Enquirer: 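This is the structure, below, for whatever I ask next.
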Protein chains: 2
Amino acid sequence: MNELADLTDEQREQLLHTRRRAIESIGKNMDLYGITLSIGHLYGNMYFNQEPVTLNEMSEAMGLSKTSISTGMRTLHDLKMINKVWGKGSRKDLYEVEPDWHQNFSDFFSIKWRKAVEQNRSALRKCMKEIETLEEQYSEDAVFMKVLEHDRLKMQESMKYYKWLERLIDSFENGDIFTLIPKEE
Amino acid sequence: MNELADLTDEQREQLLHTRRRAIESIGKNMDLYGITLSIGHLYGNMYFNQEPVTLNEMSEAMGLSKTSISTGMRTLHDLKMINKVWGKGSRKDLYEVEPDWHQNFSDFFSIKWRKAVEQNRSALRKCMKEIETLEEQYSEDAVFMKVLEHDRLKMQESMKYYKWLERLIDSFENGDIFTLIPKEE
DNA sequence: TAGAACGTACAGTTTAAACTTTACGTACTG
DNA sequence: CAGTACGTAAAGTTTAAACTGTACGTTCTA
């Protein structure tokens, strides 16, 4: 269970103390991924573990109920930030952090941003259709037409942005971004 | 005050009904920017306005207290998603949406992600220093050394990612991203 | 200079999120 | 086939966030 069992008490103490700063910082800044502080800490605590962890282990380590850890793990798993591992003879679920953070980042954008962009594009498309219908209907009414044109132009501008964003997300998804901005300097 | 005053009741009705889908969608998906749903709606409602709006106008339009609108406006302003405008003879604060969404996106990353990356890098740097000190101290202890090395390698990997991410953020901030992925297809 | 309009700090209230406890379905074990 | 361990759904509780109402400082107006 405890991969630090072979260390002396003093060593374990020093190690955990040293790790803490990194764990706290990583966990805290995961709100960027829309993740709550305690789930961020969960991830941070898993970060240094060499071996995959179980629900019970993390529950005990963090002083949270097993249910909380369970839902936290699912959240992290949905975002592909941790992996479910099939371990030896254990019938417990085992989890470990996905070590490739570049991949992490890409997945996050694919999952979250792609969905949002598609929803907004769809809504804008429908809205523009309706505006165009109104423009046909009221083509004689100069005052109304001016307002309608304003709305249409505004949405066309937004559409341009969304198309650009989709190409950016594409580049994350297919890895082209790492040609444009290489992993190694 | 009301830029739609010159329209007939029917026209205004149709227009607002048509706009609503876009407003809802835009507002809803702003949780990606760490923004609450109602502030997202505030932004969505401002989106179509041709003229800058005041606190009172939006308060009435959204059925929220002026205080709520005030704090919402500040949040949006901090993220540079809206601009404070100095209008004619009015002494009310006037706000309008920043129309350049590419710029919006860049600013968001500069503000939010840059800070997080710097914090994490700083924490990791300190943590690595301490690990190295321990490695000197316990250089004879093979068991402990193995654990320490594992931690150090893990953090070095993370540092690579953060350096990459900083270069990505740089490209947003200085606009290079729009050379790599052009606004126009 | 008194009075009104404006934006926001602050304290209090309501609503939503996080977390726990209990209970249940499933899959191993003897 | 009972008995046990495991993960999670569901309901209940606690904690935090969102929102409101009041009050105050500032700035403009008469």
Side-chain angles (χ1 to χ4, degrees), chain A residues 1 24 27-46 49 51-79 81-96 112, chain B residues 1-2 24 27-46 49 51-79 81-97 112:
Chain A
M1 167 190 168
E24 296 281 326
K28 190 180 68 185
N29 287 121
M30 284 185 72
D31 64 337
L32 286 176
Y33 299 96
I35 279 175
T36 183
L37 185 65
S38 61
I39 297 183
H41 272 104
L42 172 61
Y43 182 88
N45 276 292
M46 292 172 68
N49 266 73
E51 292 168 12
V53 298
T54 65
L55 293 185
N56 284 321
E57 279 169 29
M58 294 316 289
S59 173
E60 193 176 349
M62 302 201 56
L64 289 175
S65 74
K66 211 166 74 166
T67 306
S68 293
I69 303 294
S70 175
T71 59
M73 289 290 194
R74 180 161 51 186
T75 303
L76 291 170
H77 190 252
D78 287 348
L79 288 169
M81 289 178 172
I82 60 174
N83 299 121
K84 216 165 183 168
V85 180
W86 292 108
K88 39 196 175 180
S90 172
R91 66 179 158 114
K92 296 179 186 178
D93 289 357
L94 296 171
Y95 298 93
E96 64 181 8
K112 288 270 191 185
Chain B
M1 167 192 167
N2 187 355
E24 296 281 326
K28 191 180 68 186
N29 287 120
M30 285 186 70
D31 65 334
L32 287 176
Y33 299 95
I35 280 177
T36 184
L37 184 65
S38 61
I39 297 183
H41 273 105
L42 172 61
Y43 182 87
N45 276 292
M46 291 173 68
N49 266 74
E51 292 168 12
V53 299
T54 65
L55 292 186
N56 283 322
E57 280 169 28
M58 295 314 291
S59 173
E60 192 177 348
M62 304 200 56
L64 289 175
S65 72
K66 212 165 75 164
T67 307
S68 294
I69 303 294
S70 176
T71 59
M73 289 290 194
R74 179 162 51 187
T75 303
L76 291 170
H77 190 250
D78 287 348
L79 289 169
M81 289 176 172
I82 61 174
N83 299 122
K84 215 166 185 169
V85 180
W86 292 108
K88 40 194 175 181
S90 172
R91 66 180 158 115
K92 297 179 185 178
D93 289 357
L94 296 171
Y95 298 94
E96 64 181 9
V97 299
K112 287 271 193 185

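Letters A, B, ... mirror the listed sequences (proteins, then strands); counts begin at 1. Because the structure is a prediction, the values reported are computed rather than measured.
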Enquirer: List the atom pairs, donor and acceptor, that lie under 3.5 Å between side-chain atoms in residues 65-75 of chain B and the rest of the protein, sequence neighbours left out.
Expert:
unit_1, atom_1, unit_2, atom_2, d
S65(B), OG, S68(B), N, 3.2
S65(B), OG, S68(B), OG, 3.1
T71(B), OG1, T67(B), O, 3.4
T71(B), OG1, S68(B), O, 2.9
T75(B), OG1, T71(B), O, 3.1

Enquirer: For Y95(A), give me all partners under side chain to side chain donor-acceptor pair (under 3.5 Å), at least two apart in sequence or on another chain.
Expert: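 Y95(A): no side chain to side chain donor-acceptor pair (under 3.5 Å) contacts found.
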Enquirer: Using whole Å, what does the distance between atom P of nucleotide dC6(D) and atom CE of M58(A) come to?
Expert: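 Roughly 17 Å, once rounded to whole Å.
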Enquirer: I'd like to check the salt bridge (Lys or Arg N to Asp or Glu O under 4.0 Å) partners of K84(B); sequence neighbours left out, ordered by chain and number.
Expert: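 Result, salt bridge (Lys or Arg N to Asp or Glu O under 4.0 Å) vs K84(B): D93(B).
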Enquirer: When the distance from CD of E57(A) to P of dA5(D) is rounded to whole Å, what number comes out?
Expert: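 E57(A) atom CD is separated from dA5(D) atom P by 17 Å.
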Enquirer: Compile the donor-acceptor pairs under 3.5 Å between side chains in residues 31-39 of chain A and protein atoms, sequence neighbours left out, one pair per line.
Expert:
unit_1, atom_1, unit_2, atom_2, d
Y33(A), OH, Y161(B), OH, 3.4

Enquirer: What does the B/S/- profile of nucleotides 2-20 of chain C look like, 5' to 3', with a 4.0 Å heavy-atom cutoff to protein?
Expert: ---BSBSBB-------SSB
Enquirer: Please report, rounded to the nearest Å, how far the P atom of dA18(D) is from the CD1 atom of I69(B).
Expert: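 Rounding to the nearest Å, CD1 of I69(B) and P of dA18(D) are 14 Å apart.
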Enquirer: Of all residues at least two apart in sequence or in a different chain, which pass the side chain to side chain donor-acceptor pair (under 3.5 Å) check with N45(A)?
Expert: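 Per chain and number, N45(A) pairs via side chain to side chain donor-acceptor pair (under 3.5 Å) with no residue.
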